[in-house]
Visitor: 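Would you mind keeping the following structure in view while I ask a few things?
Just so it is clear: chains get the letters A, B, ... in the order the sequence lines come, proteins before strands, and each one is counted from 1.
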There are 2 protein chains.
Amino acid sequence: MSSVPESLERLEVALTPQERFEEYLQSKGQRQTKPRKFLVEKIFAQHAHFDADELIEKLPRKGEPNYVSSATVYRSLREFVDAGLLNCFQLDGRTVYELDYGYPPHDHLYCTRCRKLIEFRSEELIATRDEAAAKHGFRVSGHRMLVSGVCRECSKNRRKKRKQDLV
Amino acid sequence: MSSVPESLERLEVALTPQERFEEYLQSKGQRQTKPRKFLVEKIFAQHAHFDADELIEKLPRKGEPNYVSSATVYRSLREFVDAGLLNCFQLDGRTVYELDYGYPPHDHLYCTRCRKLIEFRSEELIATRDEAAAKHGFRVSGHRMLVSGVCRECSKNRRKKRKQDLV
DNA sequence: TTGGCTGCAAAGGGTTTGCATCGCA
DNA sequence: TGCGATGCAAACCCTTTGCAGCCAA
């Protein structure tokens, strides 16, 4: 639960994440449980990118009420991705999750200085992607794009710092 | 050393990979050694995507001449990336390497059926990327894009299979 | 009541690291 | 000749898995 993304508004959706997950579970003959409900609630309470470890740190510790073992956290995160509630991708070797249900598709700018993830949408990117794929007779099902660089704030700070250095 | 990419021709470069690496080592006060030379030779002998494990399988076993320990393979691969000889990215949890020095920048189509990686170039993609980044005051240093889907061959095979199934 | 879910602990896989030795520059 | 590189084995990190007991449907 590190970086809160800029931009991107929530979409209108018919079901709450809980309801949507319930539906998914029923369709697969699986069960709604206390840990699962608790995790969905916690995760959708804020819009942020996070990995399993960061999530676990925000949860009750062993012995406290609503404790969830990390095995269950890992198992649940996979369910949530299958169910379309979450998205995940690899970043610096760790698996990063983000809310998917109720949010529009997008890509990320990744600031290598402050490690912030900034979301952005680009219809043109999709068009370009499909065009390139078509040239190879490739049927696209999706993509993952990460743009690395330095964000606005970090550029400013660096500039400020340099000016100070000169004084 | 699994999939040999389609398309993409080699660029003209002034130095051989060996020479280029030599230069890099000298600039950092590091040393050219037998294992390093051997690895550069092996890797640049073919143009393919590979991970550490696949590379190790192609190398001499323990006891044979030119054996290189896997610790050294891992250490060397990182050097090669630093030196600009190789590129690496994450795919299905493993680190995949590809030749960088002497090859033009590109992105990948990834067939989820046969796991083949197809390289493609798109200037428009770069333009679109930079445009999107500019809107956020983001200074781009690079990007990584992976398009998932089904390649031409797998589409054909599947169609053929379906026809057979109907007979 | 039963089959799916949980917590626990142990295993797993890919990669890194500490250390004594080796070998380039 | 000194410092960087190597091989070995152990450590590491993140994640998955086997199993006995638990609980939702």
Visitor: Examine distances only and state if a side-chain atom of A:Y101 and a backbone atom of A:L15 form a donor-acceptor pair shorter than 3.5 Å.
Guide: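 Flag set: sc A:Y101 to bb A:L15 pair under 3.5 Å.
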
Visitor: Specify the separation, in whole Å, of atom CG of B:D92 and atom C1' of D:dC14.
Guide: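 Computing the B:D92:CG to D:dC14:C1' distance gives 16 Å.
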
Visitor: Applying the side-chain contact (heavy atoms from CB on, under 4.5 Å) test to A:F50, which of A:L77, A:T95, A:V96 qualifies?
Guide: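 The residue from A:L77, A:T95, A:V96 that satisfies side-chain contact (heavy atoms from CB on, under 4.5 Å) with A:F50 turns out to be A:L77.
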
Visitor: Mind calculating the distance between CD (A:Q90) and C1' (C:dT15) to the nearest angstrom?
Guide: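 Those two atoms, CD and C1', are 14 Å apart.
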
Visitor: Treating A:Q26 as the side-chain partner and A:E23 as the backbone partner, does any N or O pair qualify as donor plus acceptor under 3.5 Å?
Guide: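 No; zero donor-acceptor contacts below 3.5 Å.
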
Visitor: Quick one: pull up CG in B:D107 and CD1 in B:I118 and give me the separation to the nearest 0.5 Å.
Guide: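 With rounding to 0.5 Å, CG (B:D107) is 13.0 Å from CD1 (B:I118).
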
Visitor: Going 5' to 3' through nucleotides 19-25 of chain C, assign each nucleotide B (protein heavy atom under 4.0 Å from a base atom), S (under 4.0 Å only from sugar-phosphate atoms) or - (no protein heavy atom that close).
Guide: ----BBS

Visitor: Rounded to whole Å, please give me the gap between CG in B:D51 and C1' in C:dG13.
Guide: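 Nearest whole value for this atom pair: 12 Å.
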
Visitor: Are the side chain of A:R94 and the backbone of A:A52 linked by a donor-acceptor contact shorter than 3.5 Å?
Guide: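 Flag not set: sc A:R94 to bb A:A52 has no pair under 3.5 Å.
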
Visitor: Rounded to the nearest angstrom, tell me the gap between atom CZ in B:R78 and atom P in C:dT15.
Guide: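 Taking atom P of C:dT15 as the reference, CZ of B:R78 is at 11 Å.
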
Visitor: If you measure from CD on B:E79 to CG on B:L86, what distance do you get to the nearest 0.5 Å?
Guide: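 B:E79 atom CD to B:L86 atom CG measures 11.5 Å (nearest 0.5 Å).
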
Visitor: Given D:dT15, is OP1 or OP2 found less than 4.0 Å from the side-chain N or O atoms of A:Y74?
Guide: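 Yes.
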
Visitor: If I take atom NZ from residue B:K34 and atom OG1 from residue B:T72, how far apart are they, to the nearest 0.5 angstrom?
Guide: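 Spacing of NZ (B:K34) from OG1 (B:T72) equals 13.5 Å.
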
Visitor: Between the two ends of the helix from C:dT1-D:dA25 to C:dA25-D:dT1, what is the bend in degrees, rounded to 10 degrees, where each end axis spans five pairs?
Guide: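 Nearest ten degrees gives 40° for this helix.
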
Visitor: Any side-chain N or O of A:R36 below 4.0 angstrom from OP1/OP2 of D:dA24?
Guide: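 So the side chain of A:R36 is outside the cut-off, no N or O lying under 4.0 Å from OP1 or OP2 of D:dA24.
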
Visitor: Let me know the distance between CD of A:E23 and P of D:dA25, rounded to the nearest Å.
Guide: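 Value for this atom pair: 15 Å.
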
Visitor: So which of residues 62-71 of chain A are in contact with DNA chain C, with a heavy-atom cut-off of under 4.0 Å?
Guide: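 The stretch gives A:K62, A:Y67, A:V68, A:S69, A:A71 as the residues lying under 4.0 Å from the strand, ordered by number.
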
Visitor: Atom CE of B:M145 and atom CG of A:L146: how far apart are they, to the nearest 0.5 Å?
Guide: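 One gets 11.5 Å once the value is rounded to the nearest 0.5 Å.
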
Visitor: Quick one: B:R61 CZ to D:dG7 P, roughly how many Å, whole number?
Guide: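 Taking CZ of B:R61 and P of D:dG7, I get 15 Å after rounding.
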
Visitor: B:I56 has an atom CD1; how far is it from atom P of D:dT6, in whole Å?
Guide: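 Taking CD1 of B:I56 and P of D:dT6, I get 14 Å after rounding.
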
Visitor: In whole angstrom, what separates B:F50's CZ from C:dG14's C1'?
Guide: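 Computing the B:F50:CZ to C:dG14:C1' distance gives 16 Å.
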
Visitor: How far does CZ of A:R115 sit from NE2 of A:H49, to the nearest 0.5 angstrom?
Guide: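 It comes to 15.0 Å.
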
Visitor: Quick check on DNA chain D: between B:V73 and B:G29, whose nearest nucleotide comes earlier from the 5' end?
Guide: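 The residue mapped nearer the 5' terminus is B:G29.
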
Visitor: Below 30° counts as parallel, above 60° as perpendicular, anything between as tilted: where do the rings of A:F21 and A:Y24 land?
Guide: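 Correct class here is parallel.
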
Visitor: For the CG atom of A:L117 and the CG atom of A:L91, what is their distance to the nearest 0.5 Å?
Guide: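 Between atom CG of A:L117 and atom CG of A:L91 there are 5.5 Å.
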
